[in-house]
Amino acid sequence: MAKRVLSVLVVDDSAVVRQAATTILSQDPGIVVTVAADPYIALDKMGRSRPDVILLDIEMPRMDGLTFLRKIMTEDPIPVVVCSGLAAKGTATAIRALEEGAVEVIAKPQLNVRDFLHDSASTLIDVVREAAEVRVRRRVASPSAPPVPLESRRHTADVVLPPPARRRSDRQHAAADIVVAIGASTGGTEALRTILTSMPKDAPGIVIVQHMPERFTAAFAQRLDQICPITVKEAAPGDRVVRGQALIAPGNRHLLLHRHGTEYEVELVDGPRVSRHRPSVDVLFRSVAQAAGPHAVGVLLTGMGDDGAAGLLEMKRGGAATLAQDEATSVVFGMPKEAIERGAVDRVLPLPGMAAGILNLARSSGR
């Protein structure tokens, strides 16, 4: 089947980036590129011809990228890929952009941007094509509200939770007897936020692969740690998997689980890309199947492609309970659909019920 022709609008105040992005994307004969130096020019062009995908810089004059993104998502939702710098401020803002509705983030270094974009040409084209398949939902504009205190957050209704307890340091956490392994890609940042903010403080130990560039995963983990009852951190070599904590694989590193006696710990490795990704969900799930066997719950969330489907099947064959996000609540029903078709999934759940499903299965597996 022939690929459909896509219209891509590149919005960036850097002429170098606009030129490089145009050259790269135009390598695909099915992509037509237009450019804009700032959001006001972009809005004018969008009024004349609506793009299928927008490649958006965050830091721009006259109107910043986040403000422009909010305007798009509340007025006429279009898939937006954010191209953000690697500085700490840039990564934090990119995570905010994902919360505001951007479907993907790609890294843009401070120096040698042209060379970087050309080296990443195939990735950029793939990301844009994948973004075009995303179902973007309209956002309701609302005034910013302060974060809800941890102690006053509500959890999923059908799960019996313990009374509030103080968060503990890693050394004070109890070793995990059940491991929850979660894989996600496009749309996964919002799905993970929904799940992890609903986890009780003594939730089973969680290991996560979210497809995201290097350095952005640290900002993502820090953001989740601020709003979740459990501890959330970017995984480091030798980290123990413990109750009340979630470990997120660093961008560009595979995450593996190992068992040592009664405890689990993680390893980070470079290695080749697997299922087109590093970190790969398949790599994590296969290691969990080997290390934890039936003492695990595997969860595959929204995402493009098939990463995680084979690994989830290995987990199921090893005795683990397995879940997948349903089509209605998935931003992209690629990874879950592939796992379902392979017979790797025990239950398919909507996102709002996923946290309860995970906890119930973990409780059953721990008996």
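We use all heavy atoms of the structure for the numbers below, so side chains are in, but hydrogens, waters and symmetry mates are not. Heads up: numbering here begins at 1 and tracks the sequence.
- A donor-acceptor pair shorter than 3.5 Å cannot be found between the side chains of His258 and Glu265.
- Ser280 places no side-chain N or O within 3.5 Å of a backbone atom of Ser275 that could act as its donor or acceptor partner.
- Side-chain atoms of Asp52 and Ser7 form no donor-acceptor pair, as typed in the model, at a separation below 3.5 Å.
- Under a hydrophobic clustering in which Ile, Leu, Val, Met, Phe, Trp and Tyr are joined whenever their side-chain heavy atoms come within less than 4.5 Å, directly or via other members, Val297 and Leu256 fall into different clusters.
- Within the hydrophobic cluster formed by Ile, Leu, Val, Met, Phe, Trp and Tyr side chains joined at under 4.5 Å, directly or through other members, Val32 is accompanied by Val5.
- Closest of all the heavy-atom pairs between Leu257 and Ala292 is CD2-CB, 4.4 Å.
- Between Ile95 and Ala219, the shortest heavy-atom contact is CG1-CB, 3.8 Å.
- Between the side chains of Thr302 and Gln325, no donor-acceptor pair is found at a separation under 3.5 Å.
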(request) Evaluate the side chain to side chain contact (heavy atoms under 4.5 Å, CB included) criterion for residues Glu104 and Val134: first the C-alpha distance (whole Å), next the side-chain angles of each, then the deciding distance (0.1 Å), finally the verdict. (result) CA-CA 10 Å; Glu104 196 67 82; Val134 172; over 6 Å; no
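- Between Ile78 and Met46, the closest side-chain pair of non-hydrogen atoms falls below 4.5 Å.
- One distance of note links CG of Leu361 with CD1 of Ile178; it measures 10.0 Å at 0.5 Å rounding.
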(request) Just do the side chain to side chain contact (heavy atoms under 4.5 Å, CB included) check on Leu9 and Leu55 with the steps written out, would you? (result) CA-CA 6 Å; Leu9 176 60; Leu55 183 62; over 6 Å; no
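- Looking only at distances, a side-chain donor or acceptor of Thr329 sits under 3.5 Å from a matching main-chain atom of Leu351.
- Salt bridge status for Glu100 with Arg96: present, with a side-chain N to carboxylate O gap under 4.0 Å.
- Asp239 has a carboxylate O that lies under 4.0 Å from a charged side-chain N of Lys233, or vice versa, which qualifies the two as a salt bridge.
- The cluster map of Ile, Leu, Val, Met, Phe, Trp and Tyr, joined by side-chain heavy atoms under 4.5 Å apart, puts Ile41 and Val8 in different clusters.
- In this structure, CE in Met63 is found 11.0 Å from CZ in Arg70, a value given to the nearest 0.5 Å.
- For Lys45, the side chain to side chain donor-acceptor pair (under 3.5 Å) test picks out no residue, with sequence neighbours left out.
- Between the side chain of Arg278 and the backbone N or O of His254 there is no donor-acceptor pair closer than 3.5 Å.
- A continuous path of ILVMFWY side-chain contacts below 4.5 Å connects Val103 to Leu124, so both sit in one hydrophobic cluster.
- Inter-residue side-chain proximity for Met199 and Leu359 is flagged as met; some heavy-atom pair is nearer than 4.5 Å.
- Using a cutoff of 4.0 Å between basic side-chain nitrogens and carboxylate oxygens, Arg317 and Glu314 are not scored as salt-bridged.
- Within 6.0 Å of CZ in Arg347 there are 12 or fewer heavy atoms belonging to other residues, nucleotides or ligands.
- Between Arg276 and Glu130, at least one side-chain N (NZ, or NE/NH1/NH2) sits under 4.0 Å from a carboxylate O, which counts as a salt bridge.
- The shortest side-chain heavy-atom distance between His295 and Asp177 does not fall under the 4.5 Å cut-off.
- The heavy-atom pair separating Ala236 from Val266 by the smallest distance is O-CG2, 3.6 Å.
- When hydrophobic clusters are built by joining Ile, Leu, Val, Met, Phe, Trp and Tyr residues whose side-chain heavy atoms come closer than 4.5 Å, directly or via intermediates, Val299 is grouped together with Met304.
- Ile72 and Ile106 fall within the same hydrophobic cluster, defined by Ile, Leu, Val, Met, Phe, Trp and Tyr side-chain heavy atoms under 4.5 Å apart, directly or through other members.
- A salt bridge does not link Arg138 to Glu75: none of the charged nitrogens lies less than 4.0 Å from a carboxylate oxygen.
- Looking at heavy atoms from C-beta onward, Met60 lies in side-chain contact with Pro39 at the 4.5 angstrom threshold.
- At distances below 3.5 Å, not a single donor-acceptor pair connects side-chain atoms of Thr322 with backbone N or O atoms of Leu312.
- Taking 4.5 Å as the limit, some side-chain heavy atom of Arg286 sits within range of a side-chain heavy atom of Val274.
- The pair Asp12-Arg18 does not count as a salt bridge, with every side-chain nitrogen at least 4.0 angstrom from each carboxylate oxygen.
- Phe285 contributes atom CZ, which lies 5.5 Å from atom CG of Leu300 (distance to the nearest 0.5 angstrom).
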(request) Just do the side chain to side chain contact (heavy atoms under 4.5 Å, CB included) check on Val105 and Val81 with the steps written out, would you? (result) CA-CA 6 Å; Val105 171; Val81 175; over 6 Å; no
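- Taking both residues in full, the closest heavy atoms of Val33 and Ser26 are given as CG2-OG, 4.1 Å, listed atom of the first, atom of the second, then distance.
- The distance from the NE2 atom of His277 to the CG atom of Asp282 is 9.5 Å, given to the nearest 0.5 Å.
- The side-chain heavy atoms of Val10 and Leu25, taken from C-beta on, include a pair separated by under 4.5 Å.
- Thr23 and Gln19 share no donor-acceptor pair across their side chains, judged by distance under 3.5 Å alone.
- Under a cut-off of 6.0 angstrom, the local environment of NZ in Lys337 is sparse, with at most 12 non-hydrogen atoms contributed by other residues, nucleotides or ligands.
- No hydrogens or angles considered: a donor-acceptor pair under 3.5 Å links the side chains of Tyr264 and Arg259.
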Name every donor-acceptor pair, under 3.5 Å, that has one atom in a side chain of residues 204-213 and the other anywhere in the protein, sequence neighbours excluded.
from	atom 1	to	atom 2	distance (Å)
Gln210	OE1	Thr189	N	3.4
Gln210	NE2	Ser185	O	3.0
His211	ND1	Ser185	OG	2.8
His211	NE2	Asp307	OD2	2.7

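- A donor-acceptor pair under 3.5 Å is formed between the side chain of Arg253 and the backbone N or O of Leu268.
- Within the 4.5 Å cutoff, no side-chain heavy atoms of Pro200 are placed close to those of Pro229.
- Taken to the nearest 0.5 Å, the CG atom of Leu323 stands 5.5 Å off from the CG atom of Leu349.
- Between the side chains of Thr123 and Asp126, no donor-acceptor pair is found at a separation under 3.5 Å.
- Taking CG of Asp225 as the start and CD of Gln245 as the end, the distance is 9.0 Å to the nearest 0.5 Å.
- Residues Val35 and Thr22 have side chains in contact (heavy-atom distance under 4.5 Å, counting atoms from C-beta outward).
- Ion pairing between a basic and an acidic side chain is recognised when a charged N comes within 4.0 Å of a carboxylate O; Arg129 and Glu133 show no such pairing.
- In plain terms, the two heavy atoms of Val11 and Phe68 that are nearest each other are CG2-CE2, 4.3 Å.
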(request) Start with the C-alpha distance between Leu301 and Ile182, add both sets of side-chain angles, then the distance that settles side chain to side chain contact (heavy atoms under 4.5 Å, CB included), and finish with yes or no. (result) CA-CA 7 Å; Leu301 303 176; Ile182 304 177; 3.6 Å; yes
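- The heavy-atom pair separating Ala249 from Leu255 by the smallest distance is CB-CB, 3.6 Å.
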